[in-house]
Each structure stands twice: as C-alpha cells, then as structure tokens.
Amino acid sequence: MTAIQLWTLIFVVASFATYIGIAWRSRVKETGGFYVASQGVPTVANGAAVAADWMSAASFISMAGLIAFLGYDGAIYLMGWTGGYVLLALLLAPYLRKWGKYTVPEFVGDRFSETVRTISAGAAIIVSFTYVVGQMRGGGIVFSRFLDLSIEGGVLVAAAIIFTYAVLGGMKGITYTQVAQYTVLIIAYLIPAAAIAQIFTGVPIPQVTFGQVLGELNQLSIEFGLESYTEPFTARPQLDVFLVVLSLMVGTAGLPHVIIRFYTTRTVRGARYSAFWALFFIALLYTAAPAVGAFAKYNILDGVGGQAPDELPTWVESWEGTGLIEVDEGADTVESISNDPADEPDLFVDNDILVLANPEIAGLPAPVVGLVAAGGMAAAMSTAAGLLLVISSSVSHDFYFRRIKRGEASEREKLLVGRIAMAGAVLISILGGINPPAFVAQVVAFAFGLAAASFFPAIVMGIFWKRCNAQGAAAGMLAGLAFTIAYMLYTLEVFGLQANPHVLGVSPEGIGAIGALVNFVVAIIVSKRTAPPSAELMRMVDGIRYPAERRRTPTRSSG
Amino acid sequence: MDESDRSDGDGGHGAPVADDPPEPEPDEAEGWQQEYWRRNLRLMVVLLAIWALVSYVFGILLVEPLNNIEILDFPLGFWFAQQGSIYTFVVLILVYCLRMDRLDDEFGVSERDEEGNRR
C-alpha cells in the first residue's frame, strides 16, 4: 500500500465514521423529522446542508476540469449554477416555506390540482434519478482509484453507506451529516487550491491571484494549438452560452432536492437567510474552481509539453491505470493535449481527474491527496442522500398515499413506505452506477431542462399570479416538458434516434430556458381563457406573501 | 435602482424609519397588504435587474469589449463571467434578507415569539 492509499483510507474511514455516527445519534421516528427535520434546523447549519446537498460529485470532481478545458466558456457552470440561488431566494424560498408542506408536488397540488401534483411528482422522480446515478458513479470512481477496488465494488460500498444513514436518519440525520460533509469537502477543496496558489503567486488566495497566470496560459494554449484561455465563445456560440446559463439558473431554482431544504427552517426569515448562507458556502468553492482549473491547466501544459512519453511526471503514470489519462506512445514528444480522445492527442486527459490529481500534479504531500479523495466522496454522498430523500418522499407521499391510499395511513406505515421506496431507489441507482447509460452528460442536460421547463414556471406563477389556475398550470407544464423533451430527442443520440444539427446553434443543454418560456406563455393563455381560481384559494395565496400569521404593532427597524 | 430606494437605503442605517404606517383598522387591512407587497416587488425587481446586468450583460453580451480592460491581470469580461457575478449574487441575497427584515418590521409582520423576540 502506498502512502497515498494509506492516507486516503484514513481520511475516508474517519470521515465516514463521523457521518454515520451523526446519522445514528439523530435518527428519527416520526414523519415530520424524516422529511423536514421537524422544522428546527438553525439557519447557518441549514445553509451548509444546502451547500453540501447541492454541490455534487460534478461540482467537486468535474467542474474545475471542465473549466480548464473550456476556458471562458466554463462560466456557463459558474454563473448558471450560482445565479439560480438568487431566483430561489427572491422568488421561491420564503413563500414555499410559508405554505409549509413537505414536498414541491404538494405545493402545486394544493395550489392547483391533483393532476398537476402527479405531473410534478413524476418529474421530481425523473430529475432526481438522473442525478443520483451520476453520484453513485462518482463515488465508484474515487474508491476504485484510491482503494484499488473495481468500479462495481466501489459503487456497492458507496451505495451501502448512503443507504445506511439516509434510511436511519431521514432529513434531520441528513442535515447534520451534510453539515459535516460540507466541512470536509470545502477543506479538501481549498487546502490544495491555496497551496497551489501559494506556489505560483506567493499568495494563498487562489480567487484573487489566478489572474497572474492567465496571460502566460493564453500563450501556452496557443503554442499547443488550443484556443486562447480567456477568449469567449470558443466552445459555444454566444446565443447558446446565454441560453445555457439561463437554463442552468432556472433549472437550479426548480430542482426539487434543493427547494425541499427550505422547508426545514423554523421561520420564513430563516428560509431567506438559509438561501444566503447556502450561496455563501457554495461561492467559497465556486470562486476557487476557476482558479484550480487555470492553475491545473498551466501545470499540465508546462509540465508535459515537449517531454518524451517515457519522461513524463509520475502523476501521469499513477492515473494511467484508471484509463482516464492516455499517452500516445508513438509520439516523440508531447505536442498536443485534449480532453477528447477523438482528437487523437499525444496526451489525453479526462476532465474528471483534474481536481483529484491536482495535488499530485503540484507535488503536494500524500495526506493532502487523501483528504481530497475524502472530499470527493463527501460531495457525492451528501447529494445522493438528499436526492434519495426526494425520491422516497415523492413515491410515498405523492403517489402511494395520495393516489392509492387516499390519505388513510398511520405514521408507522408512512415511514415504512418511505424507507422501502428509498431502498428501491438505491437498488436501481446501483444498477445505473455500474452500467451508466451511454449518455451520462446528456442525462444531466435532461434533468436541468426538465426542472427548468416544468417546476420553476408553475411555482413562480402559483405565488406571483393569483389568476393562474389549475388548467393553465397543467397545460403549461405539459407544453414546456413536451417541447423540451422533443428538442432533446431531436438533437441528441438517445434511444436509438439519430442526432440532428442544433437549430440556430441552441444546444440541448440550453433548450430548457425556451421550454420555461413556452410553459409561461401557454399557462397564461390557458388561464385567461378558463375560470379564475376560487376566492378562498386566492386568499391562501395572499397569505403566503406575509411572513407572520397575524399583524402586531409595527416596530422600528433597529431590531 | 430607483430614487426612493436609495434615499432610505444603503448609507443611513442608523436613522429610525420615520414614516411607519399607523396601526390599521381591520377594514383597511387591504391597504397595508398592498403596500407591503408593492415594496417587496420593487426590491425584487431592482435586485433582479442587477443580477441580469452582471451575468447576462457584463458576463456574456459585453464580454468582448470588456476584455480589453485589464484589472489585476484579469480581463474584465472574463472576470465578471468567472468571479464577479458570483460575488454579486451573494451580496444581492444578503441585501434582500436585510431589506426584507426591515420591511417585515415596518409592517409588523415579522415572526416573533411571545416575548416579541425574533424567532
């Protein structure tokens, strides 16, 4: 066992023991605790939990690598995934908290109709499944690299641990476990980032100093036949960058596993501040990611360029076993680098290894490498647990009890069905993680497009437009979904269909923004042409606009 | 940002708000509700305008001209796209929380326990 493997084992085992310990201590027996942690989670803790829940294996492991290869265009992830929180905080979180139900489908079910509830429960399950499969895969990769397990073995270990604490603890266990996971993942991300910034620039604050390498990085990139790093629109046309950012923002604000977290606060005010703390904690990682990407790209170009294949640095060799780095042995010296094997570069580097390999690339000590592995696991686990909770609550709450049992069930039965649904979800996601569908990247596009085109418009109109009725919401959601799915099927090679060229340069990742627009327009037209909602419902909508139940003497603002 | 927003905002936090609405009679309840909602919406629109400005306008539409300006070695358009917009988003949500606290207090709809402390 190498020093790196030993340290990885120590960090992963120690952090997991902590998570399971927390889950065990805060295990719950009643439904309120299982789904919304009895609405007693402090705001800062809830913010950290949202951050851990939201930042998945994709944010931790893949994003910096993607940015390294995309340059400016990597901003679609940075702006898209953080900008959605502004929409969430201003348009959704406080009002959904005031409404005070367990799930997103429950809100639209109360506000509109049972049909709308069923449509959105189905969409919530599809969106969450596409994510959870990716998390299982991410956990499997980390284990297989650092602990010498097969990918299958890695996925099984990851699934067993997730299942244990998600089922035991429910939302309360998950909340405090996620706080611990946020702590682990942010430390694991920032320590190597700061160390690398210190080596490059003498200042350990990567966010501020990575500008210093951009000039040289642009030159190096051009020498390697790549696009200049800071040049915009090299990977996507401007219109598409615009639409992808919009889709990711609207999709983020519509994701059920993120929205559900704002039900766990004690007050409406707590929901607002939770959104602030969540984005604050997320921004710590998201502002460091472009720096990590730039430094890593510089290190790779500078470290391997012009070297003979057998003289490359040791990190290349240690990652070759995973198949995520490939050297063309036929080349005299390395003159081209790409993240796409189809380019037939002298050196192929997969996006997903950059963050995990970065400490090795920069020559940092073995414990740091182990810490990063534990951080990657924390990111994958926390998100998977949150997603499983959404799947379980949608199945048991919105389908089983509303549609089949019609509301007649004891607390015990509800919890049992929730746990069985979760176990089923874990089993299916293990299969997905071991045999990922061939189009994982496209599936993520599906998830965001679906969330953007379905939930977000329905919830926003439910809150801000009293006149919106059930017929309008149902027609809008169906039209938005149908339009988005149709365009994705048209442009992507899925289900044996031929991929067609993008219309006006709009990629399938960006179509969700237009799908959301379709949803709004159809909902407005249909609502206007049908009867308005009942006066009682309109009063309920009025009610969610004001935080307190009853009015008290207005006080001065100093409090 | 509109004028009335500036006048009672940003700088002058110490001063108590002078124009608290009087305690309403039950039959004029509609009035304060509309006023509260109108001010909530106005704050929202201002913040969303800034949100769109830093991300879509500075980060995407004007990125090329802005890249000709360099600050601390960062081309400005690139900086807005990869750093500046994120910092702005965090500040926008904080401003929203603080202003809504004040609005809630002004209209007496903040959530308080029996002793009148914030919950």
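The chains referred to below are lettered A, B, ... by the order of the sequence lines, with proteins before strands, and numbering in each begins at 1. As the structure is a computational prediction, the values presented were derived from the model and not from experiment.
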Asker: I need the residue from A:Leu90, A:Leu78, A:Val213, A:Leu87 with the largest number of non-hydrogen atom pairs under 4.5 Å to chain B.
Answerer: A:Leu90

Asker: With a 4.5 angstrom heavy-atom cut-off, which part of B:Leu103 approaches chain A: side chain, backbone, both or neither?
Answerer: neither

Asker: Please round to the nearest 0.5 Å and tell me the distance separating atom CD1 of B:Ile93 and atom OH of A:Tyr85.
Answerer: 9.0 Å

Asker: So which part of B:Ser85 gets closer than 4.5 Å to some heavy atom of chain A, the side chain, the backbone, both or neither?
Answerer: side chain

Asker: Give the ring-plane orientation class for A:Tyr298 versus A:Phe200, where under 30° counts as parallel, over 60° as perpendicular and anything between as tilted.
Answerer: perpendicular

Asker: Once the angle between the rings of B:Tyr87 and B:Trp79 is folded into 0 to 90°, is it parallel (under 30°), tilted (30 to 60°) or perpendicular (over 60°)?
Answerer: tilted

Asker: Shorter than 4.5 Å, heavy atoms on both sides: which option in A:Gly74, A:Ala75, A:Gly71 has the most such pairs with chain B?
Answerer: A:Ala75

Asker: Name the region of A:Leu214, side chain, backbone, both or neither, that has any atom closer than 4.5 Å to a heavy atom of chain B.
Answerer: side chain

Asker: Give, as side chain, backbone, both or neither, the part of A:Ile76 having an atom under 4.5 angstrom from any heavy atom of chain B.
Answerer: neither

Asker: What part of A:Phe233 gets within 4.5 angstrom of chain B, counting heavy atoms only: side chain, backbone, both, or neither?
Answerer: side chain

Asker: How are the rings of B:Trp32 and B:Tyr36 set to each other: parallel, tilted or perpendicular (split at 30° and 60°)?
Answerer: perpendicular

Asker: Side-chain donor-acceptor pair under 3.5 Å between B:Asp104 and B:Ser110, yes or no?
Answerer: no

